[in-house]
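Accompanying notes for the structure given below.
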Amino acid sequence: MSHPPRRNAKLSDATLTTVAGRNPETNFGIVNPPVYHASTILYPNAADFEARRGKYSYGRRATPTIDALEEAICAMEGGYGTRLTPSGLAAISTALLSFAKSGDHVLMADTVYQPTRHFCDSVLKRLGIDVEYYDPLLGADVAGLFRPNTSVIFTESPGSQTFEMQDIPAISAVAKAASILTMIDNTWASPLFFKPFSHGVDISIQAATKYIVGHSDVMMGSITTNEACWKTLFDGHGAMGQAAGPNDIYLALRGIRTLDVRLQRHMASGLEIAEWLSQRPEVTKVLHPARPDHPGHDIWKRDFLGASGLFSVILAPCGKPALHAFLDSLTLFGLGYSWGGYESLVIPFDAASSRTATSWREDGPALRFHIGLEDPADLIADLAKGFAAMQDAS
Ligand SMILES: *Cc1c(COP(=O)(O)O)cnc(C)c1O
């Protein structure tokens, strides 16, 4: 259907997570929506077929299961309409391909998620779209990079892995004045801790794989737009044949019901562990926007409603054997990509290799932590064990 479903305005986020997208009255009173597995959807007669009458026409386009998750995410992001994709990266590529055309100039934050960058440097460039990376800290000064053919400015705040905070209201204001669309990858904050449409953003993307799903078992993405962008996004998403699977959608819906309580715990434990890490002699810098020592802290405090459990640290320079000894001795922190699940994770990263508009100058190794739902005391004990192993290997 081309019109977004009803929205639950004016409820607090904690309440929204429990009610958004649920319609038990249309489903025998059953609390959760059914999982509709559908390709063909039958018409009752030839006249209805000919007139394409009916709420649902084909499984790729919409089912009550798809509607439920789209409605829930849309209500939490505060947008007009939402479409789902089978991964977060598919949401990014679908949004960009729906709005940028050959000959356009697209501005991308230099600190975007690395696969977003790869998509731009491969597919967008091949289509004749001029992609320019910009310093995420430019704020309103990014207007100096606008050209007559600039169609989209893409933001991600905080920046992937390195946590630079972007001044989204300032960027979206200058973009709007120049008729340029502002997109945000809003995955770090989830729809609960940053409300993109209240800050002038036109299109918000979630890697729902992360906090919305929350259990490390499903790939899912969403694209939410304001009213002005809805028809173009709806058409682009449909034309590209994007469709997420019903079982995965159901798991994402289940994840959403606990999003608020999980995020509160991720935030509290993340801050506690970031503070503990900041006191360690092995750590030279903690990159966490909710800490007062972070350069983007004022922006975070002004615009955000909370902090998730993802942050990075820079270690004092050490050899690879010491770093590997640290990582290998951890038992509660898994070593792997993605984040947003109930379990803690850590990965080493090299930010210098994926920047062109800015430079990354840190001497020591960088680690990105995702703090899960474990007892922070156990996590701290695990990290202490890691630092002891690091010492032994030095
Ligand atoms: C993981 C991630 C994505 C991509 O999501 P997938 O579901 O893994 O495709 C996009 N943006 C950010 C910030 C992410 O962390």
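In this chain, numbering begins with 1 at the start of the sequence shown. Bear in mind that the values here come from a model prediction, so they are computed numbers and not experimental data. Whatever order the structure lists them in is the order used to number ligands and atoms, beginning at 1. Heavy-atom basis, side chains included; hydrogens, waters and symmetry copies ignored.
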For ligand 1, which atoms sit closer than 4.0 Å to a heavy atom of [X]?
{"X": "Trp339", "result": "15 (O)"}
{"X": "Ile92", "result": "10 (C)"}
{"X": "Thr209", "result": "6 (P), 7 (O)"}
{"X": "Leu89", "result": "4 (C), 5 (O), 6 (P), 9 (O)"}
{"X": "Glu156", "result": "13 (C)"}
{"X": "Ala207", "result": "2 (C), 3 (C), 4 (C), 5 (O), 10 (C)"}

Neighbour count >12 (heavy atoms, 6.0 Å) for atom [atom1], [X]:
{"X": "His118", "atom1": "NE2", "value": "no"}
{"X": "Tyr342", "atom1": "OH", "value": "no"}
{"X": "Lys285", "atom1": "NZ", "value": "no"}
{"X": "Gln279", "atom1": "CD", "value": "yes"}

Among all protein heavy atoms, pick the one closest to atom 4 (C) of ligand 1 and tell me residue, atom and distance.
->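 Checked against all protein heavy atoms, atom 4 (C) of ligand 1 sits closest to Tyr113 CE2, 3.4 Å.
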Taking atom types as modelled, is there a side-chain donor on Glu77 or Ser204 under 3.5 Å from an acceptor on the other?
->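 Yes.
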Ring center gap for Tyr211 and Trp339 short of 6.0 angstrom | yes
Does a side-chain N-to-carboxylate-O contact under 4.0 Å join Asp382 and Lys385?
-> yes
Based purely on interatomic distance, does Gly88 place a nitrogen or oxygen under 3.5 Å from a nitrogen or oxygen of ligand 1?
->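 It does: an N or O of Gly88 is found under 3.5 Å from an N or O of ligand 1.
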Indicate yes or no: does an N/O atom of Asp185 lie under 3.5 Å from an N/O atom of ligand 1?
->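 There is such a contact, yes.
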Proximity of Trp188 to ligand 1 by residue part, where a heavy atom lies under 4.0 Å =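 The answer is neither.
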Work out whether the distance between some heavy atom of Ile205 and some atom of ligand 1 is less than 4.0 Å.
-> no
Within 45° of the six-membered ring axis of Phe163 and under 6.0 Å from that ring's centre, is NZ or CZ of Arg368 located there?
->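 Relative to the ring axis of Phe163, which defines the angle, Arg368 lies outside at least one limit.
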Selection from Lys210, Met219, Met220 by shortest heavy-atom distance to atom 14 (C) of ligand 1 |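 Result: the heavy atom closest to atom 14 (C) of ligand 1 is in Lys210.
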